[in-house]
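All of these numbers come straight from a predicted model, not from anything done at the bench. Just so you know, residue 1 is the first one in the sequence shown, and it goes up from there.
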Amino acid sequence: MKKLNILIAGFMMLGLSSCSDSFFDLKPNDQVTRDQIYKTENDFKLAVNACYSKLQTQMDFYIEMCEFRSDELTLDAPTAGTQDRYDIDQFKEVASNGILDNLWANFNNGVYRCNLVLASIDNATFDETKKAQYKAEAMFIRSLTYFNMYRSWGCVPITYKPVTVEESLTIGRATEQQMYDMIVGQLEEIVNNNMLPKKYTGDDIGRATLGAAKALLGKAYLTFGKPEMAAKVLKSLIEDNSHSLLPNIADVFDVNNKWNKEILFAIRYNKTVEGEGHGAWYSLSNLSDNNYRTETLNKLYTVDDKRAEMLDYVKVPGVNVYLIKKFYDERDATNRTYGSENILLRYSDVLLMYAEALNEVSFSNSQTSEQAKALNKVHERAGLTPIDVTKAADKATFRKLIEVERQKEFAYEGQRWFDAVRLGGAKEAALNEGHEIQDYQMVFPIPSSELERINNTDLLWQNAGY
């Protein structure tokens, strides 16, 4: 295994199938037991690569649990193989939903891989700078994984070390503080100690950077209601000047321009290597197919907004496949897969989070305020005239401006549902799609398979309302 992007599952269209990992299905094909392999620098590089590989199998999370859950994609009725997706889309999911069950197992599998690295690396003997990097990468991936679990289910069982099957049955749901310490505390350690490089070269491009850790930390702070701390870390990232908006948004997603200055973290794929490409995300076989878009999304953009073009479908040469421009790529003739990245963090996200944080700290409707300038940098890049924030009467109105801008900027990027929850617009968005939802539906039900496995409601109980 010579490259970062390994062991990639092929995903086809929207009918993706999740990995059906058991909780302890841990060993990649090229991995032997920890005692045998985790000794040298290269051993740990391979082990950390296996942590990244689990991220490559989680596209269901961004499509099913975010895009279909939100007001961007919808199913009018279930078809063969789509009942679980339909239930999530319609806010009818139950604890036995297969998508939720598979992703819970997938996430925990990823955590275990990270824990294997972190349990051994301090005692290994090799270059200390590299040790710190690999340790921080595993911490970053584990924090990202628990962050996604927290946003999905609330407090979940957490582990800092590998555990046996028997031990796992005794671990209960964490408290809010324990979740915060795991997600935020680990990212703070990375950032405060500069444990990650600012950039990489060669085959290492795509690994987590210090900027990625800062951006994720800022998002975690906002999610946990810490806007002052979010503003501080995001400001430091902006002032670092390592990243910037590209003048043309189409260039951000150009597969010939991967890892440009706007991208802070993305999940890598390589279509030219067998098993390392992916399927045709959000594809159509012809333009008359149902693209699942809601009327909300169809009406979201004005005619002069350049971001609307990024959702246009383009035919792939040589095959009966149409892809949206955000994920457009030509299919590899040998492997029959695609190689566009799944971008998780980019600089426009940093700017809009910074505007959000500043607004939560202290409302201002001055056109020259820092939050207005950050918001308008993203808005104007789309070819639009600046938003007149002087018309925003209060903090809630300004917050809504940010929420709308985020939806326009990140459509199909797996952000919308969790943005709407964090910014307070989830109920309104659902109602516009005909769903009157309750507070408990801001999170998903704990999978019944996990409740049955633990079989102790003092340790693991169902989320209220389900």
For Glu309, check side chain to side chain donor-acceptor pair (under 3.5 Å) against everything at least two apart and list the hits.
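With neighbours one apart ignored, the set is empty.
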
Heavy-atom neighbours of [X] [atom1] exceed 12 at 6.0 Å:
X	atom1	result
Lys315	NZ	yes
Glu41	CD	yes
Asn320	CG	no
Lys130	NZ	yes

Exercise. Going by the salt bridge (charged side-chain N to carboxylate O under 4.0 Å, His left out) test, which pairs reach into residues 247-260, not counting sequence neighbours?
Worked result: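 As it turns out, the salt bridge (charged side-chain N to carboxylate O under 4.0 Å, His left out) pairs with a partner in residues 247-260, which skip direct neighbours, are Lys258-Glu341.
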
So how far is it from Lys54 NZ to Ile267 CD1, rounded to the nearest 0.5 Å?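 With rounding to 0.5 Å, NZ (Lys54) is 12.0 Å from CD1 (Ile267).
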
Value for CZ (Phe444) from CE (Met149), rounded to nearest 0.5 Å, stands at 13.0 Å

Quiz question: by atom type and distance under 3.5 Å, do the side chains of Gln407 and Asp71 form a donor-acceptor pair?
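Note: Gln407 and Asp71 side chains meet the donor-acceptor criterion.
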
| field | Residue pair Asp89 / Thr74, side-chain donor-acceptor N/O under 3.5 Å | value | yes

query: Does Glu64 reach the main-chain N or O of Phe61 with its side chain, forming a donor-acceptor pair under 3.5 Å?
result: no

From the list Glu403, Glu433, Glu67, salt bridge (Lys or Arg N to Asp or Glu O under 4.0 Å) with Arg416 holds only for Glu403

**Request:** Decide yes or no for Asp349 and Glu409: does some side-chain heavy atom of the first lie under 4.5 Å from some side-chain heavy atom of the second?
**Result:** no

Discussion item. Can you list everything that forms a side chain to side chain contact (heavy atoms under 4.5 Å, CB included) with Leu384? Sequence neighbours excluded, please.
Written reply: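 Side chain to side chain contact (heavy atoms under 4.5 Å, CB included) check on Leu384 returns Thr302, Asp304, Asp305, Arg307, His379, Ala382.
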
Practice task
Indicate the ring-plane relationship of Phe68 and Tyr292, choosing parallel, tilted or perpendicular according to the 30° and 60° boundaries.
Solution key: perpendicular

Assign the ring pair Tyr282 / Phe327 to parallel, tilted or perpendicular, where the plane angle (0 to 90°) is split at 30° and 60°. parallel

Regarding Arg422 and Asp419, does a basic nitrogen lie under 4.0 Å from an acidic carboxylate oxygen? yes

